[in-house]
Amino acid sequence: MSDSLPSGSPSDHEPATTATNSPEEATTTSSTTTTTSTPEGPSPPPIQIPLSWPSNSSVTLDWIQNLISAFDWSSKNLPPSELPSVLPVSVFDALVLTASKILHKEPNCVRIDDCNENSRVVVVGDVHGQLHDVMFLLQDAGFPFEDRFFVFNGDYVDRGAWGLETFLLLLAWKVFLPQRVFLLRGNHESKYCTSVYGFEKEVLAKYGDKGKHVYRKCLGCFEGLPLASVIAGRVYTAHGGLFRSVSITPSKRSKGKKNRRIILNSETKPLCLGSLEELSKARRSVLDPPWEGQNLIPGDVLWSDPTMKSGLSPNTERGIGLLWGPDCTEDFLKKFELKLIIRSHEGPDAREKRPGLGGMDEGYTIDHVVPSGKLITLFSAPDYPQFQATEDRYKNKGAYIVLKPPCFDDPEFHSFEAITPRPAVNAYYDYKDVIDSDEELDLASMVTST
């Protein structure tokens, strides 16, 4: 079964070129042409395929625009199994290796401090493999450039049909402008979620006998994605949100030759908010539970949710992470001299089950307004999810946020609708039986899948 749903791509008869964003960009933007259709099949894309990796790994704006055109064309004209004819495994390997080397060197919490009076920072929420909407967003907001930063808040894959192309496109931007494009990790950048919500099967369908290799390389790249960002010293962004403080004490070493491994035990104490210093020391390379010891912090950052109830408590509905109230938002903002928290993680399906919090019709909600600032949830996948078992769709808008000088803490919201039609495609997971949101997770499976 397939859905014919919205996209933000150009029309089927036009190349996926993008308007230039500045005079500087205009000098590097190449023109493209198309050929007419023939009886033998669809017209070729406005570039030569298969794509090749640029010499000296020097990714350019032209190369990225060609990648966009190729992905857009292939999504409309080729079956998924023919993606290697557009992007060979060798090119995939080179892109992921180059991006992974950059990502693994970044800290858990990246700091974006080189903003000036001409800068803009675009923050993006979940996109979930909705490639055509991501292409539209990039066009609408303007491509990353020297004065235009992008912070993506995770969940690039799963549920949508083009998670691989979406993730690779954003990796290409990261390689091209590593100090202007920041890719944070979402809870779906994990082995468990990708095995349940479609990304693993998508990769296997697209790359066949090389699929396991491609999937493994993606998982390795996920491990390098940072967990959070601080923008201009004023704005904290993370996929899920806040996190607990974890105190670790080593147990005594067992006597004898056996069992010499030192086991780290987390002290049992009431939950309290963690610090940015603790976040910086967390081990982010753990893709799945067991979330214990210092691994609790990444679990919280990726899976936690806000609530209108005061305090900090276990997120029993998800079975992982925390729930935090307005008082915790105030404490976190005040302690670290911040004005704004931007998190993602909740689409319209999750929000309809959360009393006291706003819906996701416009692609964002302002959840907490406290003396020190605000907490915002941002979701960038319009008409989500792409596949849905019920007849009534949420028909939500997606949104992105633009932060401007002088302080970069007054969010400018940009909502957008999905543009029809998306190319028809089959789902890569059983969306009729899989729960709509990430609630009631099978934690035992998460542990055994590692």
Side-chain angles (χ1 to χ4, degrees), residues 6-22 25-35 42-54 57-78 80 82-88 91-92 94-96 98-99 122 124 127-145 148 150 152 156-157 160-178 180-181 183 202 206 380-382 398 400 416 418-419 421-423 425:
S7 78
S9 62
S11 73
D12 290 5
H13 305 290
E14 297 175 351
T17 55
T18 303
T20 56
N21 302 307
S22 67
E25 286 174 293
T27 62
T28 59
T29 302
S30 62
S31 61
T32 59
T33 59
T34 57
T35 58
S43 62
I47 58 169
Q48 184 175 355
I49 58 172
L51 292 164
S52 59
W53 185 241
S57 299
S58 182
V59 171
T60 64
L61 180 61
D62 280 350
W63 193 88
I64 292 177
Q65 288 183 308
N66 286 343
L67 182 70
I68 292 172
S69 295
F71 283 166
D72 183 46
W73 178 85
S74 64
S75 72
K76 297 170 181 176
N77 294 286
L78 298 180
E82 292 191 32
L83 183 60
S85 70
V86 175
L87 188 81
V91 180
F92 164 86
L95 174 57
V96 171
T98 306
V122 180
V124 182
V127 295
H128 280 297
Q130 296 185 191
L131 172 68
H132 307 86
D133 298 317
V134 172
M135 292 192 298
F136 170 79
L137 187 156
L138 287 166
Q139 292 179 6
D140 196 57
F143 277 176
F145 197 60
R148 191 177 298 112
F150 272 75
F152 292 87
Y156 312 109
V157 303
W162 301 280
L164 183 59
E165 291 93 331
T166 298
F167 185 53
L168 295 178
L169 173 58
L170 297 182
L171 288 184
W173 279 111
K174 180 64 181 178
V175 171
F176 177 44
L177 293 171
R180 294 296 181 266
V181 176
L183 307 180
E202 174 193 340
K206 290 176 178 176
S380 302
Y400 61 89
F416 60 97
I419 301 172
R422 288 188 184 114
V425 67

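Ring pair F136/F416 is tilted by interplanar angle, where 30° to 60° counts as tilted. Using cut-offs of 30° and 60° on the angle between ring planes, the pair F150 and F152 is parallel.
Remark: the backbone N or O of P423 is not paired with any side-chain donor or acceptor of K76 at under 3.5 angstrom. For the pair R180 (side chain) and R148 (backbone), a donor-acceptor distance under 3.5 Å is absent. Put simply, the side chain of N77 gets close to the backbone of W73: a donor and an acceptor are under 3.5 Å apart. Without hydrogens or angle criteria, W63 side chain to S52 main chain gives a donor-acceptor distance under 3.5 Å. When atom types are taken as modelled, the side chain of E165 and the backbone of L131 share no donor-acceptor pair closer than 3.5 angstrom.
Expressed to the nearest 0.5 Å, how far NZ of K206 lies from CG of L164 amounts to 5.5 Å. To the nearest 0.5 Å, atom CD1 of residue I49 and atom CD of residue E82 are 9.0 Å apart. Between atom CG of residue D72 and atom CH2 of residue W162 there is a gap of 10.0 Å, rounded to the nearest 0.5 Å. Put simply, CG on D133 and OG1 on T166 are 9.0 Å apart, with the number rounded to the nearest 0.5 Å. A distance of 9.5 Å separates CG in L61 from CG in N66, rounded to the nearest 0.5 Å.
Closest of all the heavy-atom pairs between V181 and K174 is O-NZ, 2.8 Å. For the residue pair A172 and I64, the shortest heavy atom distance occurs at O-CD1, 3.7 Å. Summarising the geometry of F71 relative to L169, their closest heavy-atom pair is CE1-N, 4.4 Å, with the distance given to 0.1 Å. Scanning all heavy atoms of the two residues, the minimum distance from L183 to L170 falls at CD1-O, 3.7 Å. Of all heavy-atom pairs spanning S85 and L78, the tightest one is OG-CD1, 4.0 Å. The minimum heavy-atom distance between L95 and L168, with the atom names listed, is CD2-O, 3.6 Å.
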Checking side chain to side chain contact (heavy atoms under 4.5 Å, CB included) for the pair V59/W173: CA distance, chi angles, key distance, verdict?
CA-CA 9 Å; V59 171; W173 279 111; over 6 Å; no
Could you give me the CA-CA distance, side-chain angles and deciding distance for L83 and S74, then say whether side chain to side chain contact (heavy atoms under 4.5 Å, CB included) is met?
CA-CA 7 Å; L83 183 60; S74 64; 4.2 Å; yes
Do V134 and V124 pass the side chain to side chain contact (heavy atoms under 4.5 Å, CB included) test, and can you show the C-alpha distance, the side-chain angles, and the key distance before you say yes or no?
CA-CA 10 Å; V134 172; V124 182; over 6 Å; no
